[in-house]
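Report on the structure given below.
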Protein chains: 2
Amino acid sequence: MGVTKTALFKKKQNRIATLAKAFDHPARVAIIEYLLRHETCICNDLVNEFPLSQSTITQHLKELKRIGIIKGEVEGPKVNYCIDEKVWEETKGIFNQLFTQYVSKNDCC
Amino acid sequence: MGVTKTALFKKKQNRIATLAKAFDHPARVAIIEYLLRHETCICNDLVNEFPLSQSTITQHLKELKRIGIIKGEVEGPKVNYCIDEKVWEETKGIFNQLFTQYVSKNDCC
DNA sequence: TTAACCTATCGTAATATTGCGTTATAGCAA
DNA sequence: TTGCTATAACGCAATATTACGATAGGTTAA
């Protein structure tokens with residue numbers, strides 16, 4: 001159906017799925033990496049940086065903002081975007097917790 | 001278009017995007033968590049565990065296998081699935097590297 | 001005011017994803 | 001052989017995503 005049965009899963013599983021969406025498209029990874037590299041927040045240098053149209057970039061920014069991992073602040077005619085520290089730390093924590101759950105099994109399959 | 005312009009991005013960005021897809025759907029998160037909990041690999045206890053049809057579960061397993069984060073081993077009529085340690089460690093590493101790149105900026109926006 | 005911007009939104013087209021029912025297919029047991 | 005179980009594959013329908021051009025709104029500078 002193209003529709004995810006969110007209600008069938010635990011809150012945390014849905015949260016992980018939502019946060020993972022910040023990284024599941026190379027353009028969004030590129031945007032996040034750009035934000036990590038630049039101490040100053042940005043606006044649409046991204047349009048000049050990446051070979052994607054302005055509307056496509058805006059759409060990805062909107063998605064990242066919906067997820068919460070970035071936030072934007074209007075500054076005159078521009079919007080400065082930056083990583084939302086709180087959500088970033090949440091993401092880091094929730095994935096670290098997941099990653100460290102794995103213990104090597106002696107050649108299970 | 002629904003088509004991601006993979007060629008426009010760096011190899012690593014595409015790799016991150018691919019690996020993130022293992023976690024961008026709650027059902028896949030649930031399957032992975034199941035595999036983390038159970039030392040023994042599994043087959044389709046998942047069908048009994050989750051309120052999704054067999055064909056849907058199989059599809060998610062296929063996607064996880066395509067990504068590489070799990071692997072399956074035919075054992076008679078069943079298939080035992082388990083986390084692929086190598087890819088798991090790669091994922092852990094690549095995300096850790098990303099997460100630790102963030103340094104708190106004093107109130108950037 | 002006008003002109004030059006930066007952004008967001010809208011509409012459209014193409015493709016991808018999700019989910020399921022329904023079939024194959026394969027192994028094992030009786 | 002037959003029957004049972006476990007998987008995989010196929011096809012369909014509904015929805016989501018990706019990308020873009022065109023448009024519109026808001027802000028600053030001239």
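The figures here come from the full heavy-atom set of this structure, side chains too, leaving out hydrogens, waters and symmetry mates. Every chain is numbered from 1 and lettered A, B, ... according to where its sequence line falls, protein lines coming before strand lines.
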Rounded interatomic separation in angstrom, taking CZ from Phe50(B) and C1' from dC20(C): 18 Å

Nearest-nucleotide 5' precedence on DNA chain D, Asp24(A) against Val3(A): Val3(A)

Distance in angstrom units between Glu73(B) CD and dA8(D) P, rounded: 13 Å

Contact nearer the 5' end of DNA chain C, comparing Ala27(B) with Leu61(A): Leu61(A)

Atom-pair distance (NE2 on His25(B); P on dA16(D)), nearest Å: 12 Å

Which residue lies more 5' along DNA chain C, comparing Lys21(B) with Thr58(A) via nearest heavy atoms: Thr58(A)

Heavy-atom closest contact (Leu35(A) atom, Cys82(A) atom, distance): CD2-CA, 4.0 Å

Side-chain N,O (His60(A)) to OP1/OP2 (dA19(D)) below 4.0 Å: yes

Touch class at under 4.0 angstrom, heavy-atom based, for Thr4(B) against every strand present: sugar-phosphate

Between C1' of dC6(C) and CG of Leu46(A), the distance in whole Å: 13 Å

With Lys65(A) via side-chain contact (heavy atoms from CB on, under 4.5 Å) - residues at least two apart: Ile70(A), Tyr81(A)

Distance-only donor-acceptor check, side chains Glu73(B) and Asn80(B), under 3.5 Å: no

Given dT7(C), dA16(D), dA19(D), the nucleotide with the shortest approach to the side chain of Lys78(A): dT7(C)

Those residues that, when tested against Lys78(A), pass salt bridge (charged side-chain N to carboxylate O under 4.0 Å, His left out) (two or more places apart): none

Residues which pass salt bridge (charged side-chain N to carboxylate O under 4.0 Å, His left out) with Lys21(A), listed by chain and number, not counting sequence neighbours: Asp24(A)

Base versus backbone protein contacts along nucleotides 20-28 of chain D [heavy-atom cut-off under 4.0 Å; B, S, -]: BB-----SS

Value in whole Å for how far the C1' atom of dT7(C) lies from CG of Leu64(A): 16 Å

Phosphate-side-chain proximity, Tyr81(A) and dA8(C), N/O vs OP1/OP2 below 4.0 Å: yes

Under the side-chain contact (heavy atoms from CB on, under 4.5 Å) test, residues paired with Thr6(A) that sit two or more places apart: Thr4(A), Asn14(A)

Any residue meeting side-chain contact (heavy atoms from CB on, under 4.5 Å) with Gln54(A), in chain and number order, not counting sequence neighbours: Asn44(A), Val47(A), Thr58(A)

Spacing between Ile57(B) atom CD1 and dA9(D) atom P, to the nearest angstrom: 16 Å

Glu63(B) CD - dG19(C) C1' separation (whole Å): 14 Å

Nearest-Å distance for atom pair CG/P, residues Asn48(A) and dC6(C): 8 Å

